[in-house]
Amino acid sequence: MDGSHARLERLTSMLRRRGVILPAFEIHGGVAGLFDFGPIGGRLRRRLKNSWLEHWMSQGDIVEIDSPTITPESVLIASGHVGEFNDHMSECISCERAYRSDHLVDGKHPNPDILTADELDAIIAESSIHCPSCGATDWKPARPMNLMFSTRIGAMKGGRTAYMRPETAQGMFMLFPALYRHFRNRLPFGAVQSGKGYRNEISPRQGMIRLREFNMAELEYFIDPEVKPQHDFSKWSAIEFSLVPDPELGQPLKMGPEQAATENIIRHPTVAWFMARTWDFLVGVGIDPSKIRFRQHEGTEMAHYATDCWDAEIQGSYGWVECVGIAHRGCYDLAAHETATGDKNLRAWRPYDEPMIVDKTILAGKGSVIGPVFRDKAGLVNTALEELEVLTSEFPFKLSLVDGTSVTIEEDMIEEKRIQSTEHGEWFLPHVVEPAFGIDRILWHVLDHAFDESEKGGEPYTVLRLNPSIAAIDVAILPLMEKDGLDDLANNIHQTICATKNLASYYDGSGSIGRRYARADEVGVPWAITIDHESLQNGSVTIRRRDDGKQMRIQPDDLVAALASDTISALF
RNA sequence: GCGGAUGUAGUGAAGGGGUUAUCACCUGAGGUUUCCAACCUCAUGUCACGGGUUCAAAUCCCGUCGUCCGCACCA
């Protein structure tokens with residue numbers, strides 16, 4: 001443990017020293033939970049995000065959207081975040097332990113969630129709630145603990161309360177009608193969004209693991225709950241995942257995704273599918289496969305919206321850390337927004353195989369009687385009669401109208417009528433499966449797993465074994481000496497590479513060649529080229545592979561082409 | 001949020017009421033060097049922030065902020 005702690009300190013030091021990840025606002029004293037991505041980290045994160053986007057977009061039925069980070073309060077009330085995030089805490093005066101106030105009054109009130117701080121304090125005092133830890137009954141006043149950053153839209157007094165979004169998912173739900181049109185009314189489809197999320201954590205700790213402003217990347221995949229999903233799991237037939245089910249349901253085991261879905265360990269095949277695709281992504285960006293496991297949320301731990309949730313956890317310097325949450329949210333969100341707004345565009349249309357002929361017997365008002373009796377209310381009466389679920393044969397009876405009044409219906413006012421209609425399908429709320437990725441946590445573990453300490457000539461030697469597809473810098477340009485025109489040639493090559501799409505190089509001419517290799521290795525540059533006197537004669541340069549130090553000569557044009565097409569490894 | 005520890009160049013550390021704050025590595029310049037942290041010379045850069053005590057504060061005191069550990073919390 002001490003050894004791994006020391007390694008963690010060396011890693012964090014290196015990340016600061018080399019401009020990968022640094023505490024933000026440091027000259028003003030710093031702010032916990034906020035980090036800068038420096039010249040290496042910024043590009044590294046960009047590439048990780050791009051890999052993520054490409055990974056999901058490659059599926060063909062997924063599009064990218066982007067929505068505001070400032071979110072009106074009503075959206076987050078509907079989604080449940082305002083309630084969830086507005087916990088009150090009560091602190092015991094004698095032992096100073098803090099507990100959630102609503103948990104303390106559990107059982108003393110039918111719905112403790114909705115109580116204000118004063119109401120909570122009143123119940124705690126009246127019922128002389130004992131501290132679960134020390135048994136005392138004296139409590140400090142309940143204090144709200146809002147985990148969202150609040151702000152106001154609009155200046156002056158007329159502003160509207162808003163929050164910085166705690167997740168990007170709501171953006172996708174807001175855009176459901178547009179997505180549904182985009183996909184020509186056909187499920188399943190998905191939308192991804194990658195951006196900032198905000199949570200005003202009480203005490204951010206553990207470096208990049210718990211942040212106040214963080215990079216999240218979420219996918220919402222909308223499905224028809226009545227259609228059996230068709231997923232091809234053959235790609236993972238030989239792979240077994242480490243699965244940790246809810247302890248009440250089963251023991252940890254190793255199993256492929258298809259079998260786990262078949263045996264109902266993973267409750268929905270689409271969740272299994274996204275777990276498998278997530279595994280591919282993580283391994284593809286350089287996470288050690290043996291350090292990935294999927295853990296099922298326990299019933300009590302499940303987020304307010306989820307019906308089944310599996311976290312992809314990655315093992316690193318901080319132990320097992322949740323980096324991806326793959327949740328089956330059911331129709332929770334769309335239903336909540338529909339209820340809150342009354343908007344009917346959050347549904348999808350499911351055609352029946354055969355049109356359905358619906359026979360209905362209704363009580364229809366006789367216009368000649370209803371009209372004169374009820375006059376301007378006659379229309380309302382007719383509507384109410386048609387909507388009656390249970391037909392009565394007792395008269396007279398009271399009929400409630402939508403305007404809140406009620407009228408008395410006599411037998412002679414109505415007649416039974418059979419009507420027949422043909423229904424071709426129905427509107428339903430799609431279900432959604434949501435893989436949500438903490439980009440910063442994944443980036444941290446990519447660095448953690450790539451950080452390789454060894455020895456070279458008796459000296460400690462550090463190599464960041466980043467996957468070339470996400471390494472911040474593709475190639476280091478090293479003139480053997482900065483004279484005789486070697487530096488000019490090196491600079492030309494540097495310019496050419498930087499001007500090539502998706503490639504970045506850096507020029508380093510100071511210090512011995514070994515020192516410069518070491519500097520490049522430390523930040524994970526996969527390739528280094530040196531320019532020597534032979535380069536001046538025939539143009540060729542030496543290319544060195546980071547991971548084994550192997551070298552060969554190559555023409556700069558061929559090098560750029562091979563780098564751009566990612567075929568350079570094949571040359572060795 | 002509570003308790004404990006702590007904050008000195010980019011990194012890691014030593015020191016400490018007194019005039020120019022020390023060391024190593026790193027970084028930069030020059031020299032040397034024909035491919036894996038070599039060597040020589042020189043140089044840049046630091047006492048977290050704010051207040052107090054004092055003739056004098058980086059040092060003592062208080063507060064704030066940050067960091068680490070424990071408790072609590074953790075879409």
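Only this structure's heavy atoms are used, side chains among them; waters, hydrogens and symmetry mates stay out. Residue numbering restarts at 1 for every chain, and letters A, B, ... go by the order of the sequence lines.
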| Residue pairs fulfilling salt bridge (Lys or Arg N to Asp or Glu O under 4.0 Å) with at least one residue in residues 33-43 of chain A, sequence neighbours excluded | Arg43(A)-Asp474(A)
| remark: Closest to the side chain of Arg519(A), out of G28(B), A75(B), G66(B), is G28(B)
| request: Could you list the residues that satisfy ring pair (Phe, Tyr, Trp, His ring centres under 6.0 Å) with His431(A), not counting sequence neighbours? | output: His328(A)
| field | Bracket string, RNA chain B, 5' to 3' - pairs by Watson-Crick or G-U geometry under 3.5 Å, | interstrand | value | (((((((..((((....[...)))).(((((.......)))))....(((((..]....))))))))))))....
| request: Can you tell me, in whole Å, how much space there is between the C1' of G4(B) and that of A24(B)? | output: 32 Å
| said: Check the orientation of Phe437(A) and Phe281(A). Use parallel for under 30°, tilted for 30 to 60°, and perpendicular for over 60°. | reply: perpendicular
| message | Run the side chain to side chain contact (heavy atoms under 4.5 Å, CB included) test against Pro479(A) and tell me which residues pass, sequence neighbours left out. | response | Glu482(A), Leu486(A), Ala490(A), Tyr507(A), Arg516(A)
| Which residue lies more 5' along RNA chain B, comparing Glu522(A) with Arg17(A) via nearest heavy atoms | Arg17(A)
| Quantified in whole Å, what is the C1' atom distance between nucleotide C55(B) and nucleotide C69(B)? | 42 Å
| task | Not counting sequence neighbours, which residues clear side-chain hydrogen bond (donor to acceptor under 3.5 Å, both in side chains) with Asp448(A)? List them please. | result | Arg7(A), Ser317(A)
| remark: In B/S/- notation (B base, S sugar-phosphate only, - none; protein heavy atoms under 4.0 Å), nucleotides 30-36 of chain B written 5' to 3' is ---B-BB
| task | Sequence neighbours left out, what passes side chain to side chain contact (heavy atoms under 4.5 Å, CB included) with Met174(A)? Give chain and number order. | result | Val75(A), His337(A)
| request: List for me each residue that meets side chain to side chain contact (heavy atoms under 4.5 Å, CB included) alongside Glu9(A), sequence neighbours excluded, and say none if there are none. | output: His5(A)
| said: For Gln551(A) and Thr542(A), which I'm curious about, is there any donor-acceptor pair between the side chains at under 3.5 Å? | reply: no
| message | Nearest heavy atom decides the nucleotide; on that basis, is Phe437(A) or Glu459(A) closer to the 5' end of RNA chain B? | response | Glu459(A)
| request: Name all residues meeting the side-chain hydrogen bond (donor to acceptor under 3.5 Å, both in side chains) criterion together with Ser540(A); count only those two or more places apart in sequence or in a different chain, and write none if there are none. | output: Asn538(A), Arg553(A)
Dump the pairs, protein N or O against N or O of nucleotides 12-14 of chain B, anything under 3.5 Å, distances to one decimal.
unit_1: G12(B); atom_1: OP1; unit_2: Ser13(A); atom_2: OG; d: 3.2

Nucleotide N/O of nucleotides 46-52 of chain B paired with protein N/O under 3.5 Å:
none

| Once you round it to whole Å, what is the distance between P of U11(B) and CG of Leu22(A)? | 9 Å
| task | May I have the step-by-step check of ring-ring contact (aromatic ring centres under 6.0 Å, His included) for Tyr318(A) and Trp444(A), ending in yes or no? | result | CA-CA 10 Å; Tyr318(A) 297 107; Trp444(A) 166 262; 5.7 Å; yes
| Residues which pass side chain to side chain contact (heavy atoms under 4.5 Å, CB included) with Ser510(A), listed by chain and number, not counting sequence neighbours | Asp508(A), Arg519(A)
